[in-house]
Amino acid sequence: MQTGKLIVFAGPSGVGKGTLLRSLLDKHPDLYLSISATTRPPRPGEINGHHYYFVSRDRFETMVAEGQLLEWAEFAGNYYGTPRQPVERAIAEGKFVVLEIELEGARQVRKTFPEGMQIFILPPSEEELERRIRARGQDSEAAIARRLQRAKAEIAAADEFDLKIINDDFDRAIAALEAALFAVVPAGRVQ
Ligand SMILES: Nc1ncnc2c1ncn2[C@@H]1O[C@H](COP(=O)(O)OP(=O)(O)OP(=O)(O)O)[C@@H](O)[C@H]1O
Ligand SMILES: Nc1nc2c(ncn2[C@@H]2O[C@H](COP(=O)(O)O)[C@@H](O)[C@H]2O)c(=O)[nH]1
């Protein structure tokens, strides 16, 4: 039976995780990106079942109670969690499965999947991180403040991760990610 690989992608909100992942998925369509459940309302352009499964707090709490989530956490006033079944199935099928999650979730996954690879994306500076969150233009002032406060705690925990990559020059960050993911196995293949 083929066995895939679990890759956790963490880093403060606004550092560019999603943008890096979209670029990686374009180049390596065999990567499997887990779709999280969240109680956060959709941003303009976000599609249910594609960007997230947008659920009520009641529904999310049922998913937790029924053990449907591999990990979950509260972030900036909303719940976020990884549906367990699709991830376990994709790993059993031999895929490289990527979770884009925050710090508490990464810590939970480290316990259940100690063999997984955990990558932390760092901003070039806190000022640039704030500039990116604001440039994205998707969050209220209150949400920006909560995200920046949380960012400090997340960055302080970066040494817990197997690999740290600074997302300064975008292409260089992509190259560093490709080197980490495909160092042992050629792109898109699982042996
Ligand atoms: N290397 C880079 N240089 C400059 N801007 C960047 C770089 N990488 C990403 N960005 C920009 O930063 C903003 C935030 O990126 P993105 O939404 O991907 O962050 P994120 O880490 O996924 O955030 P969240 O965790 O809140 O979803 C976007 O406008 C994106 O275009
Ligand atoms: N623990 C988890 N964290 C998750 C999950 N899905 C996303 N996230 C993280 O939440 C924040 C905020 O995301 P946003 O889309 O509201 O900007 C960010 O750090 C994501 O990585 C999850 O399933 N579990």
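Every heavy atom of this structure was used, including side-chain atoms; hydrogens, water molecules and symmetry mates were not. Both counts, for ligands and for their atoms, begin at 1 and track the order of listing. Because the structure is a prediction, the values reported are computed rather than measured.
- Which of Tyr53, Tyr52, Phe75, Tyr79 comes nearest to atom 7 (C) of ligand 2 through a heavy atom is settled by distance: it is Tyr52.
- Those atoms of ligand 1 with a heavy atom of Gly18 less than 4.0 angstrom away are 18 (O), 20 (P), 22 (O).
- Polar contact check, Arg147 against ligand 1: a nitrogen or oxygen pair lies under 3.5 Å apart.
- Considering each of Arg136, Glu100, Glu128, the one bringing a non-hydrogen atom nearest atom 23 (O) of ligand 1 is Arg136.
- Backbone and side-chain nitrogen or oxygen atoms of Tyr80 are examined, and one is located within less than 3.5 angstrom of a nitrogen or oxygen of ligand 2.
- Scanning Lys17, His51, Gln108 for the heavy atom closest to atom 21 (O) of ligand 2 points to Lys17.
- Looking only at protein heavy atoms, the nearest one to atom 3 (N) of ligand 2 is Glu102 N, 3.1 Å.
- Between Asp139 and Arg43 there is a salt bridge, since at least one side-chain N of the basic residue sits less than 4.0 Å from a carboxylate O of the acidic one.
- Where the criterion is an N or O separation shorter than 3.5 Å, residue side chain and backbone included, Gly81 meets it with respect to ligand 2.
- Scanning all protein heavy atoms for the shortest distance to atom 26 (O) of ligand 1 gives Ser13 OG, 2.6 Å.
- Within the set Thr19, Val15, Leu20, Asn167, the minimum heavy-atom distance to atom 8 (N) of ligand 1 is found for Asn167.
- Checked against the 6.0 Å centroid criterion, the rings of Phe96 and His28 do not qualify as a close aromatic pair.
- Heavy-atom contacts of Arg147 reach the following atoms of ligand 2: 12 (C), 14 (P), 16 (O), 17 (O) (cutoff under 4.0 Å).
- Evaluation of the salt bridge (charged side-chain N to carboxylate O under 4.0 Å, His left out) test over residues 50-71, restricted to residues two or more places apart or in two chains, returns Arg57-Glu74.
- The distance from ligand 2 to the heavy atoms of Gly105 drops below 4.0 Å at these ligand atoms: 1 (N).
- In Ala173, neither the side chain nor the backbone holds a heavy atom less than 4.0 Å from any atom of ligand 1.
- Interatomic distance, CD1 of Ile144 versus CZ of Arg136, reported as 8.5 Å (0.5 Å rounding).
- Residue contacts with ligand 1 include Gly14, since one or more of its heavy atoms lies under 4.0 Å from the ligand.
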Donor-acceptor pairs are to be reported for all side-chain atoms of residues 103-110 against protein atoms at under 3.5 Å, with residues two or more places apart or in another chain.
from	atom 1	to	atom 2	distance (Å)
Glu104	OE2	Arg107	NH1	3.1
Arg107	NE	Glu160	OE1	3.1
Arg107	NE	Glu160	OE2	3.2
Arg107	NH2	Glu160	OE2	2.6
Gln108	OE1	Trp72	N	3.1
Gln108	NE2	Trp72	O	2.7
Arg110	NE	Gln118	OE1	3.1
Arg110	NH1	Glu160	OE1	2.8
Arg110	NH2	Gln118	OE1	3.0
Arg110	NH2	Glu160	OE1	3.4

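- Listed by number with element, the atoms of ligand 2 under 4.0 Å from a non-hydrogen atom of Arg40 are 14 (P), 15 (O), 16 (O).
- A salt bridge between Glu126 and Arg131 is absent, with no side-chain N of the basic residue lying under 4.0 Å from a carboxylate O of the acidic one.
- Electrostatic pairing of Glu130 and Arg147 does not count as a salt bridge here, judged by no charged N lying under 4.0 Å from a carboxylate O.
- One finds a salt bridge joining Glu154 and Arg150 here, because a Lys/Arg side-chain nitrogen approaches an Asp/Glu carboxylate oxygen to under 4.0 Å.
- Atoms of ligand 2 lying under 4.0 Å from at least one heavy atom of Arg43, given by number and element, are 14 (P), 15 (O), 16 (O), 17 (O).
- Here the shortest heavy-atom distance to atom 2 (C) of ligand 2, taken over Glu71, Arg107, Glu154, belongs to Glu71.
- No salt bridge links Asp30 with Lys95; every basic N to acidic carboxylate O contact stays at or beyond 4.0 Å.
- Here's the thing with Trp72: none of its N/O atoms is less than 3.5 angstrom from an N/O atom of ligand 2.
- Of all protein heavy atoms, the one closest to atom 5 (N) of ligand 1 is Arg132 NE, 3.4 Å.
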